[in-house]
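Accompanying notes for the structure given below.
Residue indices begin at 1 and follow the sequence shown. Worth knowing before you read on, the calculation uses all heavy atoms, side chains too, and leaves out hydrogens, waters and symmetry mates. This one's a predicted model, so the numbers in the text were calculated from it and none came from an experiment.
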Amino acid sequence: MLLLIFLAGFLLLSRITLKNSLLERLGFALPTGLASITLVMILMDWAHIGLTRTSLSIATAGVLIVALAINCRRYKQFIPHLNNFALNFNWVNLLWVAIMGIVVYLEYINFAKCMVYPVYDRDSLAAFDTIGFVCAQEHTFHAMSIFDPVYFPHMHEAGSSISYLPMIQLSYAYVYVFGAATSKAIPAFIYLGFLVGFYGLCRRKISHTGSALVLLGIISAPEMLAFASLSVTNVMQACMASSGIVYTCLWLRDRKSSDLVLAVLLLAINNWMRAEGIVFIGAAWLMVIVGSLRNKDWRSALLPAASLLPLVLWLLYSKSCGLYAESAIIAHPYWDGEKAATIIGGAWSLFFRGVYYGWTFHLFAIVLVASIIGRYIISRIRKKSQHTSTDSHNYSELLVPAALLISVIGYYLLLYQVDYKWDSIDNVLAYSAKRFNFCFVPLAWYYIADAAPVNRLFTWLEKVLGLGGTVTLQAGKESKK
């Protein structure tokens with residue numbers, strides 16, 4: 001059934017655009033399909049329709065039929081993509097082969113670990129996987145026995161798992177309903193798809209070898225790789241959040257409407273996985289509004305609001321079904337110098353702790369500072385020589401670090417506004433914030449490779465060390481150059 005969900009997601013992404021790379025659609029197809037079916041599942045549960053194998057089979061068929069129906073008038077557009085398929089191998093070089101060899105090896109280890117080992121991490125057993133398993137056994141979400149106040153007397157207290165956004169739990173329930181022995185296929189294939197999709201996404205602005213470097217940087221971040229094989233939501237949410245932010249920045253650079261729609265879609269999925277994902281929606285929305293002011297493009301400025309629709313649905317559903325927890329948000333401004341100092345110090349120590357993220361944020365800081373200083377020096381030289389260049393005023397590559405910094409500020413401000421009745425702020429920083437920072441790892445590596453000097457270096461390497469040629473397939477004919 002996951003194959004049908006994948007196909008539905010692929011068709012939905014193809015409906016948005018066929019101009020993006022095939023890798024992007026293949027990579028993000030499964031989370032798109034899972035988001036669609038879990039939204040249907042929550043509506044079914046709200047209507048007191050049992051989440052049985054029969055009902056979910058019908059729901060899956062319905063989602064697939066809708067995906068096919070919205071593409072039926074566009075079938076002619078698929079034919080040129082099939083008849084004019086070119087494989088250009090001029091860029092292949094030994095450095096790319098070496099980097100991708102390491103990436104494939106590390107992902108093989110991660111995928112095997114994810115699929116072979118059972119669910120054993122505490123958070124999954126206490127919430128995500130257990131909720132999914134019980135939901136599959138009892139064919140209901142809101143009326144599960146583990147949500148009974150007698151069994152779960154603290155269910156409405158702040159921080160309770162009853163208020164977690166349900167996409168991953170329902171995805172686990174989906175595979176369990178159809179007889180899966182473990183739910184680990186979900187995180188395994190979402191992460192694998194992310195690597196494929198993010199490579200295609202990087203290729204929009206970055207060379208093949210630079211894109212391979214991005215994947216190597218992401219997959220070699222020690223703590224993120226360790227969590228990628230677990231059933232918790234952090235890495236899966238990081239995949240969606242970072243990809244949504246990159247699509248937002250691509251829209252700001254190129255103004256392709258499909259990029260903004262894809263950004264809204266992936267950011268909505270990110271929020272459907274975890275509530276903290278709203279930070280990235282806020283960051284993207286702010287940047288889109290600022291980017292739309294010049295052209296007075298109010299329609300685009302309002303579109304990111306659609307990312308909040310799954311959250312709004314969940315709030316209405318959870319309130320009507322009694323699946324709510326006491327709010328821990330401090331809704332008024334206040335000042336606590338000790339708490340602020342703890343958060344700032346904790347955040348600083350987290351980002352530059354190599355055992356968690358490797359050299360990710362060290363290199364990000366070095367490249368960012370060097371880029372800013374380099375741009376300043378070049379602009380001063382050109383100003384003195386009265387030489388102007390449009391390239392000297394092109395700051396589009398700084399959009400990703402700007403989005404990253406806005407999101408970091410937004411998240412840690414959110415931590416400051418939370419009253420942690422169930423835990424200490426030190427523990428939250430040591431565990432929750434550490435995992436939330438996974439969202440920034442792909443963004444940091446994307447910027448490192450997208451920075452002009454690095455991108456030019458890898459583009460030059462491809463020209464100098466190129467090994468291949470071009471193969472073009474046209475309507476059954478093969479030609480080589």
Quick one: does Ser371's side chain have a donor or acceptor within less than 3.5 Å of a partner on Val367's backbone?
no
Sequence neighbours excluded and cut-off under 3.5 Å, please list the side-chain donor-acceptor pairs for residues 435-444, or say none.
unit_1 : atom_1 : unit_2 : atom_2 : d
Arg435 : NE     : Tyr431 : O      : 3.1
Arg435 : NH1    : Asp123 : OD2    : 2.8
Asn437 : OD1    : Tyr412 : OH     : 3.1
Asn437 : ND2    : Tyr357 : OH     : 3.4
Asn437 : ND2    : Tyr412 : OH     : 3.2

Quick check: do Arg299 and Leu303 have side-chain heavy atoms less than 4.5 Å from each other?
no
Looking at Ala452, is its backbone amide N or carbonyl O close enough to the side chain of Glu397 to form a donor-acceptor pair, meaning the two atoms are under 3.5 Å apart?
yes
Can you classify the ring geometry of Phe352 versus His362 as parallel (below 30°), tilted (30 to 60°) or perpendicular (above 60°)?
perpendicular
Closest heavy-atom contact between Glu107 and Ile219?
N-CD1, 3.5 Å
Supply the atom-to-atom distance Phe280 CZ to Thr248 OG1, rounded to the nearest 0.5 angstrom.
11.0 Å
Please find the pair of heavy atoms, one from Ala59 and one from Met44, that lie closest to each other, and give the distance.
CB-SD, 3.8 Å
Can you find a pair of side-chain heavy atoms, one from Val235 and one from Cys239, that are under 4.5 Å apart?
yes
Side-chain heavy-atom pair Trp46, Ser320 within 4.5 angstrom cut-off:
yes
Is there a donor-acceptor pair closer than 3.5 Å between any side-chain N or O of Ser243 and the backbone N or O of Met240?
no
Pair up each side-chain donor or acceptor in residues 28-37 with any protein partner under 3.5 Å, not counting sequence neighbours, and list the distances.
unit_1 : atom_1 : unit_2 : atom_2 : d
Thr32  : OG1    : Phe28  : O      : 2.7
Ser36  : OG     : Thr32  : O      : 2.9

To the nearest 0.5 Å, how far apart are CZ in Phe198 and CD in Glu24?
10.5 Å
Angle class for the Phe361/Phe351 ring planes (parallel below 30°, perpendicular above 60°, tilted otherwise)?
perpendicular
Without swapping roles, check the side chain of Trp285 against the backbone of Ala301 for a donor-acceptor pair under 3.5 Å.
yes
Phe133, CZ atom: more than 12 neighbouring heavy atoms under 6.0 Å:
no
Between Glu223 and Arg353, is there a salt bridge with N-O shorter than 4.0 Å?
no
Side-chain contact, heavy-atom cut-off 4.5 Å: Ile343 with Leu413?
no
Minimum heavy-atom separation for Ser183 and Val119, please, with both atom names.
OG-CG2, 4.0 Å
Got Phe189 and Phe111 here, is their nearest side-chain heavy-atom distance under 4.5 Å?
yes
Can you tell me if Lys434 uses its side chain to pair, donor with acceptor, with the backbone of Leu350 under 3.5 Å?
no
Measuring from atom CD1 of Ile448 to atom OG1 of Thr360, what distance do you get when rounded to the nearest 0.5 angstrom?
6.5 Å
Whether the side chain of Ser292 engages the backbone of Trp298 through a donor-acceptor N/O pair (distance < 3.5 Å, no angle test) should be reported.
no
Is the shortest side-chain heavy-atom distance between Ser21 and Arg203 below 4.5 Å?
no
Using side-chain hydrogen bond (donor to acceptor under 3.5 Å, both in side chains), reason through Tyr120 and Asp129 one step at a time and then give a plain yes or no.
CA-CA 10 Å; Tyr120 60 86; Asp129 190 77; over 6 Å; no
Test item: Asp45 side-chain N/O and Phe141 main-chain N/O as donor-acceptor pair under 3.5 Å:
yes
Qualifying residues under salt bridge (charged side-chain N to carboxylate O under 4.0 Å, His left out), relative to Asp254, sequence neighbours excluded:
Lys205
Centroid-to-centroid, Tyr334 to Tyr416, below 6.0 Å?
yes
Output, in order, the C-alpha distance, side-chain angles, deciding distance and verdict of side chain to side chain contact (heavy atoms under 4.5 Å, CB included) for Val418 and Val428.
CA-CA 11 Å; Val418 173; Val428 170; over 6 Å; no
Below 4.5 Å, heavy atoms only, C-beta onward: do Leu43 and Leu313 meet side chain to side chain?
yes
Could you check whether any side-chain heavy atom of Arg274 comes within less than 4.5 Å of a side-chain heavy atom of Asn270, counting everything from C-beta outward?
no
Taking every non-hydrogen atom, the tightest pair across Pro118 and Lys184
O-NZ, 3.7 Å
Is the backbone of Ala127 close enough, under 3.5 Å, to the side chain of Thr130 for a donor and an acceptor to pair up by distance?
no
Proximity of Phe128 and Tyr172 rings by center, below 6.0 Å
no
Only residue of Arg253, Arg456, Arg204 satisfying salt bridge (charged side-chain N to carboxylate O under 4.0 Å, His left out) with Asp450 is Arg253
